[in-house]
Amino acid sequence: MADSSPFYVTTPIYYVNDRPHLGHVYTTMVADVVARYHRLKGDDTFFLTGVDEHAAKVSDTAIKKGMSAQAWADQNAAAFRDVFRRLEMTNDDFVRTSEQQHKDRVTRYVRALLDSGDVYQGEYEGWYDAGQEEYVTDNVAVQNNYKSEVNGKPLVRRTENNYFFKLASYREPLLSFYENRDRQGTPFVRPEARQNEIVNRIKEMEDVPISRTGSGGWGVPVPGDPEQTIYVWIDALFNYLTYVDTDDRRKYWQAGAVHFIAKDILWFHAAIWPALLLALRKCDGYEWVNLPKQVYSHSYWISASGEKMSKSLGNFLDPEAINDYVNEFGLDALRYFLATRGPLGVSDSAFSPDLFVEVYNTDLANTFGNSCSRVANMIGRYFGGKLPEPLPEGNEDFVRSQVSDWVSQYARHFEMLDLGRAGETGLLAVREVDAYIEKTQPFRLAKEEGQMAAVGTVLYNCAEALRIASVLLWPFIPNACEEFWRRIGSDQYREALADKGTGDYRKWVAWGKLAPGRLIDTGKPLFPRYRLESP
Ligand code: ME8
């Protein structure tokens, strides 16, 4: 499509040291829903997720297990890839930082920064958080009583001979970058509440080490100094660029990346990353390197008792538990719950099985699923399963005018990355169908003499409105929506979506696409109601 614009969305690349858990699945799921929305909208979308392999803990664990770091990373990278594949994530590539092309490009970027003088040799002493593989500032160390903010373990005092990045000289450029974005009404960090704290910290930032010694050869060597390895965080941040630094993918970088992350790693993404990019684009041949569009920093899933789910705390929903939810409720239900009830805003969300069941029953079984069944059943009963012809003047009182409201609200919520409200807009459309049925009472009309044309009009309108609602709900519950399209004889949407670039949903939400006379397949409930077994 001529006017399809590139759109680029990423997730953090996850440490391969352990198995994937709900937190990783969550961010990737959110990015997947956003990627699907952009594809639906007709954007030329690129969605990147993957794993971060060069952490010291990867080689440390591998040594303990008597394996090579690469073999251990291979095994765990496969576990992440496998979980994402089973959860039908639509990522266009999968990052592995041990891949040669990534390492080559990181080497090139660091060499350019050495040549420009933004990377230099020096000595560093500071408080080190071994779990996070990062130094924390003296202030942060004092505030947290010399313990890790993330896992509570004691910080370690360390001195290193390193290569440094001239972060301090990017204070002013970064502050004016932030100001410009604010002035344009497109703040760099979202939710905006998190931006202030970053801006204050930028004012005081110092140069940072970007290399370490003693990695035993695991990682990307500093060009010209093989004793030193590029610090895993720098190597990792560059993934967003290395994987699209090719002739056919550079357009995605140019479009401005949207980085989804959680609040634990905001500093790296909101300060170090844009500063590195500002430094790189001053180097010969990198003038095309612009800054990301946005860093979206969500909160945490926490356990019912209030702890963050994490590998080190061991309280996570692991792949088996995630699988159990998928088996019991279906993948769409998990997607819908995570995307609409997750901690996208500034508060953490407790993962509650009771809430999961409640949301499943209320939104999916009793609303979308029930409305689809109800309409299909009536078409079966009154029209032998054939979609009736609407009277030409039969739908003024319903939907036509509302559809454009739904669509614009929906688009606005998605542009603000407010997935809860975007999903709610799709459901609102379904609820309108229910209210319309209550108002027009087709089941009563059908018993009256000479009213079948009116009944047919009502049911056609319902099916058509549900079809439009399902286009809006597709990024959240794609399998159920595609099945519904099949049942009502609308396979074309699936084809349109498969054919990248023709999925402009504004076309599909136009009224009157369903062909009367088609045989409707009633099928089983799309979301069977879930009953908790009584004790
Ligand atoms: O930080 N709730 O990797 P990581 C929500 N390799 N999201 C969570 C979560 C939770 N309880 N726990 C984890 C790293 N996440 C680096 C990133 S990027 C250049 C390098 C998600 O394996 C969330 O997205 O520790 C968080 O930012 C990420 O997993 C951290 O993954």
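One-based numbering, in listed order, for ligands and for the atoms of each. We're numbering straight along the sequence, starting at 1. Note that the coordinates shown come from a computational prediction; the quantities given were computed from them, not determined experimentally.
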Review point. Going by the ring-ring contact (aromatic ring centres under 6.0 Å, His included) test, which pairs reach into residues 188-222, not counting sequence neighbours?
Key: His54-Trp218, Phe177-Phe188, Tyr178-Phe188
Could you tell me whether ligand 1 has any atom less than 4.0 Å away from a heavy atom of [X]?
X      : result
Trp233 : yes
His298 : yes
Ala55  : no
Gln132 : no

Between [Y] and [X], do the side chains contain a donor N or O and an acceptor N or O under 3.5 Å apart?
X      : Y      : result
Arg201 : Thr137 : no
Gln195 : Asp182 : yes
Tyr252 : Asp44  : yes
Ser148 : Gln132 : no

Exercise for review: Please work out which of Phe351, Tyr15, Phe238 has its closest non-hydrogen atom nearest to atom 14 (C) of ligand 1.
Suggested key: Tyr15
Study note, to complete from the structure: Of Gly23, Pro343, Ser297, the one whose closest heavy atom lies nearest atom 21 (C) of ligand 1 is Gly23
Review point. Is the number of heavy atoms from other residues, nucleotides or ligands within 6.0 Å of NZ (Lys282) greater than 12?
Key: yes
Review point. Any idea how Trp288 and Tyr286 line up, ring-wise: parallel (<30°), tilted (30 to 60°), or perpendicular (>60°)?
Key: tilted
Point to revise | Worked verdict on Lys103 versus Glu53 for salt bridge (Lys or Arg N to Asp or Glu O under 4.0 Å) | key: CA-CA 11 Å; Lys103 294 195 285 189; Glu53 302 182 66; over 6 Å; no
Review point. For ligand 1, which part of Thr11 has a heavy atom less than 4.0 Å away: the side chain, the backbone, both, or neither?
Key: neither
State the atoms of ligand 1, each with its element, that fall below the 4.0 Å cut-off from a heavy-atom position in [X].
X      : value
Ala236 : 19 (C)
Tyr300 : 2 (N), 5 (C), 10 (C)
Thr27  : 21 (C), 23 (C), 24 (O)
Ser299 : 5 (C)
Asp52  : 6 (N), 16 (C), 20 (C)

Revision key, fill the gap. So the side-chain hydrogen bond (donor to acceptor under 3.5 Å, both in side chains) pairs with at least one residue in residues 272-281 (sequence neighbours excluded) are His259-Trp273
Could you say whether the N/O atoms of [X] and ligand 1 ever approach to under 3.5 Å?
X      : answer
Pro12  : no
Ala262 : yes
Trp301 : yes
Tyr26  : no
Tyr240 : no

Check your understanding: Could you go step by step and tell me if Arg86 and Asp82 meet the salt bridge (Lys or Arg N to Asp or Glu O under 4.0 Å) rule?
Key -> CA-CA 6 Å; Arg86 268 191 293 119; Asp82 184 54; 3.5 Å; yes
Practice item. Examine Arg158 relative to Trp127 and say whether NZ or CZ is less than 6.0 Å from the centre of the six-membered ring and inside a 45° cone about the ring axis. Key: no
